Asks: 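Quick one: this structure, given as structure tokens, is what I'll be asking you about.
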There are 2 protein chains.
Amino acid sequence: MQFSVGVEYALHCLVYLVNLPPDSPIGIKDLAAYQGVSDSYLSKFFTQLVKAGIVRSVPGVKGGYELAKKPEDISFWNVVTAIQGEASLFQCKEIRHNTLPFRENKFQCYSEKCLINSVMLEAESHLKNYLCTKTIAWLHENLDKHIPEIQQEQKRWFKEKLYNR
Amino acid sequence: MQFSVGVEYALHCLVYLVNLPPDSPIGIKDLAAYQGVSDSYLSKFFTQLVKAGIVRSVPGVKGGYELAKKPEDISFWNVVTAIQGEASLFQCKEIRHNTLPFRENKFQCYSEKCLINSVMLEAESHLKNYLCTKTIAWLHENLDKHIPEIQQEQKRWFKEKLYNR
DNA sequence: TAATTATAGATAAAAATCATCTATAATCAG
DNA sequence: CTGATTATAGATGATTTTTATCTATAATTA
Ligand code: SF4
Ligand code: SF4
């Protein structure tokens with residue numbers, strides 16, 4: 001049970017989009033070139049981010065992607081669900097339905113009143129609540145503090161790409 | 001990203017082992033027959049539960065499995081890690097290493113100081129802490145309250161199997 | 001000694017994940 | 001209007017993980 005790499009790609013790329021001049025979207029080609037993956041691969045994640053309302057897409061010449069919200073309104077949890085979907089971590093496979101007394105049609109097991117399910121859901125909500133408190137704005141700000149050289153280099157590169165369109 | 005079904009099987013089966021007479025292990029055949037799966041399948045999970053110190057195995061004739069600890073000392077988290085392993089939910093795939101300035105050997109990215117990684121770890125610890133508070137004893141007790149008929153039937157069945165060995 | 005039982009490992013089907021490529025639709029610069 | 005550019009959608013396939021079973025082996029006890 002692992003987070004998808006897509007979450008990692010999305011978080012990194014969203015940081016690139018912070019603090020750019022308004023109405024100057026960045027194309028998927030540039031983003032993909034920077035990340036070192038194919039455009040079609042990265043674009044899939046951006047399509048999901050669009051659907052989740054995290055980024056806005058501008059089609060056509062000089063189109064691309066830009067943040068649809070303020071970075072302080074985009075939480076880690078938003079990104080995680082945008083990429084992995086809303087499905088909860090624990091999905092009851094209804095194994096009890098295959099249990100002896102059930103096979104003999106003695107009982108039914110309804111997952112609504114399932115204790116295991118409710119415990120897992122509650123546990124997940126603790127994870128969720130924490131991830132909701134961490135935003136792209138926070139990430140951007142702290143990356144600037146922790147790895148300033150890398151961040152500067154990265155900003156330089158995207159500003160230049162924006163300039164040469 | 002989903003919990004393994006193994007967790008569901010393990011939690012259900014551990015409840016069956018609560019409140020049985022001492023030194024009377026239940027064989028994997030009975031457990032598997034009750035669950036409606038093959039012994040070899042279920043036994044794999046029990047081997048993992050043994051390695052995690054949750055159950056004790058008794059080989060040979062009239063052998064089987066019994067709880068190795070008091071049910072109030074077995075948490076949901078214990079079971080989850082026994083089955084899925086200790087690996088954390090977020091594993092950095094080091095995607096930044098393939099990023100443009102890194103490909104040009106300008107920088108290195110050490111995951112020890114990675115902010116994303118630390119946020120994910122902290123989030124997971126919230127999930128962990130909650131799952132540590134819920135035990136097999138709690139589950140057993142509350143299942144008895146919520147679905148008493150099913151629990152009675154289940155206890156009847158295992159007691160009978162124990163009797164006929 | 002023989003039957004029983006856990007353990008280990010081989011095997012394979014099914015599902016999910018990762019990654020790329022192609023075709024299409026929308027937009028804008030000229 | 002036209003052609004280039006760009007996002008979107010979907011097909012495709014490789015790889016990995018998950019699920020499930022079967023077989024062989026080792027330990028134990030009746
Ligand atoms: S008790 Fe809960 S987890 Fe188990 S089969 Fe029923 S609904 Fe699913
Ligand atoms: S910044 Fe963190 S998540 Fe990203 S590549 Fe570096 S270590 Fe991995």
Side-chain angles (χ1 to χ4, degrees), chain A residues 1-10 13 17 23-33 35-52 54-66 68 83-85 87 89-91 93-95 98 161-162 164-165, chain B residues 1-10 13 17 23-33 35-52 54-66 68 83-85 87 89-91 93-95 98 161-162 164-165:
Chain A
M1 150 147 136
Q2 296 285 145
F3 277 99
S4 153
V5 245
V7 173
E8 204 174 335
Y9 281 112
C13 287
L17 302 184
D23 295 319
S24 49
I26 292 190
I28 199 74
K29 270 190 183 171
D30 289 340
L31 288 161
Q35 284 290 357
V37 293
S38 71
D39 347 355
S40 37
Y41 182 49
L42 203 58
S43 77
K44 207 161 200 177
F45 298 132
F46 269 85
T47 304
Q48 291 176 285
L49 292 172
V50 169
K51 283 181 181 154
I54 292 172
V55 301
R56 188 181 3 254
S57 73
V58 181
V61 180
K62 294 203 178 180
Y65 297 97
E66 59 194 357
I83 301 296
Q84 322 221 58
L89 300 189
F90 183 82
Q91 301 277 32
K93 297 298 188 309
E94 312 267 336
I95 64 169
N98 203 33
K161 285 291 164 186
L162 223 46
N164 295 328
R165 304 189 60 155
Chain B
M1 147 146 141
Q2 296 284 143
F3 277 100
S4 152
V5 246
V7 173
E8 204 173 334
Y9 281 112
C13 288
L17 301 184
D23 295 320
S24 48
I26 293 190
I28 199 73
K29 269 189 182 171
D30 290 339
L31 288 161
Q35 284 290 357
V37 293
S38 71
D39 351 354
S40 38
Y41 182 48
L42 202 57
S43 77
K44 206 162 200 179
F45 298 129
F46 268 86
T47 303
Q48 291 176 285
L49 292 173
V50 169
K51 283 180 180 155
I54 293 173
V55 301
R56 186 181 6 250
S57 70
V58 181
V61 179
K62 294 204 181 180
Y65 297 98
E66 58 194 356
I83 302 295
Q84 322 221 62
L89 301 188
F90 183 83
Q91 302 277 33
K93 297 299 188 309
E94 312 268 335
I95 65 168
N98 204 33
K161 284 290 164 187
L162 224 46
N164 294 328
R165 303 189 60 154

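None of these values were measured; they are calculated from a predicted model. So you know, we letter chains A, B, ... as the sequences are listed, proteins then strands, and number each from 1.
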Asks: Between C:dT17 atom P and B:Gln91 atom CD, what is the distance in whole Å?
Replies: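 To the nearest whole Å, that distance equals 15 Å.
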
Asks: Going 5' to 3' on DNA chain D, which nucleotide is the first and which the last to come under 4.0 Å of a heavy atom in chain B?
Replies: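 Taking any atom under 4.0 Å from a heavy atom of chain B, the span is D:dT19 to D:dT29.
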
Asks: Starting from C1' on C:dT20, measure out to CD1 on A:Ile28 and report it in whole angstrom.
Replies: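 The answer, rounded to whole Å, is 14 Å.
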
Asks: With heavy atoms under 4.0 Å as the rule, sort A:Phe46 into base, sugar-phosphate or nothing.
Replies: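 Here A:Phe46 touches no strand at all.
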
Asks: Remember a base hit wins even if backbone is also touched, and classify A:Ser43 as base, sugar-phosphate or nothing at under 4.0 Å, heavy atoms.
Replies: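 A:Ser43: base contact, heavy atoms under 4.0 Å.
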
Asks: Closest heavy-atom contact between B:Phe90 and A:Gln2?
Replies: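 Where B:Phe90 meets A:Gln2 most closely, the heavy atoms are C-NE2, 4.4 Å.
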
Asks: Could you pick out which residue, B:Gly27 or A:Val5, lies toward the 5' side of DNA chain C when each is mapped onto its nearest nucleotide?
Replies: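 Per heavy-atom nearest nucleotide, the more 5' residue is B:Gly27.
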
Asks: Nearest whole angstrom, please: distance from the C1' of C:dA19 to the CD1 of B:Ile95.
Replies: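 After rounding, the gap between these two atoms is 14 Å.
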
Asks: Could you pick out which residue, B:Gly63 or B:Lys93, lies toward the 5' side of DNA chain C when each is mapped onto its nearest nucleotide?
Replies: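 Its nearest nucleotide lies further toward 5', so the answer is B:Gly63.
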
Asks: Taking the side chain as every heavy atom from C-beta outward, state whether A:Phe45 and A:Cys13 have any pair of such atoms under 4.5 Å apart.
Replies: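 When only atoms from C-beta onward are counted, A:Cys13 and A:Phe45 do not touch, as no gap falls below 4.5 Å.
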
Asks: Between A:Val50 and A:Gln2, who's closer to the 5' end of DNA chain D by nearest nucleotide?
Replies: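 Of the two residues, A:Val50 wins.
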
Asks: Without decimals, in angstroms, what is the distance between A:Gln35 CD and C:dT20 P?
Replies: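 It is 12 Å, rounded to the nearest whole Å.
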
Asks: Specify the separation, in whole Å, of atom CZ of A:Phe3 and atom P of C:dC18.
Replies: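 To the nearest whole Å, that distance equals 13 Å.
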
Asks: Does any non-hydrogen side-chain atom of B:Met1 lie less than 4.5 Å from one of A:Leu89?
Replies: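 Sidechains of B:Met1 and A:Leu89: in contact.
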
Asks: Contact class for B:Gly64 (heavy atom, under 4.0 Å): base, sugar-phosphate, or nothing?
Replies: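 Sugar-phosphate, no base atom in range.
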
Asks: My understanding is that only residues two or more places apart in sequence, or in another chain, count here; which of them pass salt bridge (charged side-chain N to carboxylate O under 4.0 Å, His left out) with B:Glu8?
Replies: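 Counting only residues at least two positions away or on another chain, B:Glu8 forms no salt bridge (charged side-chain N to carboxylate O under 4.0 Å, His left out).
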
Asks: Minimum heavy-atom separation for A:Gln35 to A:Leu42, with atom names?
Replies: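 Of all heavy-atom pairs spanning A:Gln35 and A:Leu42, the closest is CG-CD2, 4.4 Å.
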
Asks: On DNA chain D, compare the nucleotides closest to B:Lys62 and A:Lys62; which residue's is nearer the 5' end?
Replies: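 On the 5' side of the pair lies A:Lys62.
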
Asks: Nearest to the side chain of B:Lys44, which nucleotide is it out of C:dC28, C:dT5, C:dA10?
Replies: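 The answer is C:dA10, which lies nearest to the side chain.
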
Asks: Counting any heavy atom closer than 4.0 Å, what does B:Ser40 reach on the DNA or RNA strands: base, sugar-phosphate only, or nothing?
Replies: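 Base contact - B:Ser40 has a heavy atom under 4.0 Å of at least one base atom.
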
Asks: Any heavy-atom pair between the side chains of A:Val50 and A:Tyr65 that's under 4.5 Å?
Replies: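 A side-chain contact exists here, since the closest heavy-atom pair is under 4.5 Å.
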
Asks: Anything under 3.5 Å between a donor and an acceptor, one on a side chain of residues 23-31 of chain A, the other on a protein residue two or more places apart or in another chain? List them.
Replies:
from	atom 1	to	atom 2	distance (Å)
A:Ser24	OG	A:Pro21	O	2.4

